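Remember, it's a predicted structure, so these values are computed and weren't measured experimentally.
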Amino acid sequence: VQLQASGGGLVEAGGSLRLSCVASGLYFRSYVMGWFRQAPGQEREFVAGVSSTGNNANYVDSVKGRFTISRDNAKNTVYLQMNSLKPGDTAIYYCAADKITSVYYSINDKPEIYDFWGQGTQVTVSS
């Protein structure tokens with residue numbers, strides 16, 4: 001299984017970035033997909049998650065209204081559109097896959113629940 005994240009970079013406050021994560025080696029539709037981030041000296045934090053169909057999404061409060069998670073199951077890809085970026089958004093962003101194991105499966109926000117992880121992509125927001 002591989003999750004390949006891309007799209008990070010350096011942007012000024014107020015700017016936008018779009019992260020992508022392409023999955024291979026798994027049946028993409030059987031996984032909830034999530035984005036997490038980790039700033040230096042801090043724990044890994046849930047940012048957003050999307051259900052297998054893409055119809056449901058959850059966000060951490062600090063990004064609601066600014067970030068949008070989506071997925072394209074035909075391309076095995078999950079996206080994170082980040083608008084109105086702030087210096088506090090600076091972190092390494094990771095995509096992750098959580099295998100669905102029941103009919104009514106929730107979008108988990110705990111990193112230890114997720115089965116597979118990408119390598120991370122750096123997002124730096126300057127003030």
Taking [Y]'s backbone N and O only, do any of them form a donor-acceptor pair with [X]'s side chain (distance below 3.5 Å, no angle check)?
X: Asp115; Y: Lys99; result: yes
X: Thr124; Y: Leu10; result: no
X: Thr77; Y: Lys75; result: yes
X: Gln119; Y: Ala5; result: yes
X: Asp72; Y: Ala74; result: yes

Over all atoms of both residues, closest heavy-atom pair of [X] and [Y]:
X: Ala13; Y: Pro87; answer: CB-CD, 4.1 Å
X: Gly54; Y: Val50; answer: CA-CG2, 3.6 Å
X: Asn108; Y: Phe46; answer: O-CE1, 3.5 Å
X: Cys21; Y: Leu3; answer: SG-CB, 3.9 Å
X: Ala23; Y: Phe28; answer: CB-CD1, 3.7 Å

Just verifying a value: how many Å separate [X] [atom1] and [Y] [atom2], rounded to the nearest 0.5 Å?
X: Gln2; Y: Ser24; atom1: CD; atom2: OG; value: 5.0 Å
X: Asp98; Y: Ile107; atom1: CG; atom2: CD1; value: 10.0 Å
X: Arg18; Y: Thr68; atom1: CZ; atom2: OG1; value: 10.5 Å
X: Thr90; Y: Gln122; atom1: OG1; atom2: CD; value: 7.5 Å
X: Gln4; Y: Thr121; atom1: CD; atom2: OG1; value: 9.0 Å
X: Asn73; Y: Thr53; atom1: CG; atom2: OG1; value: 8.0 Å

Checklist entry - Taking NZ, NE, NH1 and NH2 as the nitrogens, is one of them in Asp61 or Lys64 under 4.0 Å from a carboxylate oxygen of the other? => result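 Yes, Asp61 and Lys64 are salt-bridged.
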Next on the checklist: The test is side chain to side chain contact (heavy atoms under 4.5 Å, CB included); show your working for Leu19 and Tyr79 and say whether it passes.
Outcome noted: CA-CA 5 Å; Leu19 305 184; Tyr79 305 97; over 6 Å; no
Side-chain heavy atoms of [X] within contact of [Y], under 4.5 Å:
X: Val32; Y: Ile100; value: yes
X: Tyr31; Y: Val78; value: no
X: Val123; Y: Met82; value: yes
X: Tyr59; Y: Ile69; value: yes
X: Gln38; Y: Tyr93; value: no
X: Gln42; Y: Arg37; value: no
X: Glu45; Y: Val60; value: yes
X: Asn76; Y: Arg71; value: no

Shared ILVMFWY cluster between [X] and [Y], side chains joined below 4.5 angstrom?
X: Trp35; Y: Ile92; value: no
X: Phe116; Y: Ile113; value: no
X: Tyr27; Y: Val22; value: no

Next on the checklist: For Tyr114 and Phe36, I'd like to know if the aromatic rings sit close, meaning centre-to-centre distance below 6.0 Å.
Outcome noted: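 Aromatic pair counts; centres sit under 6.0 Å.
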Next on the checklist: Does the structure place the NZ or CZ of Arg44 under 6.0 Å from the centre of the six-membered ring of Tyr94, at an angle of no more than 45° from the ring's axis?
Outcome noted: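 Pair Arg44/Tyr94 counts as cation-pi.
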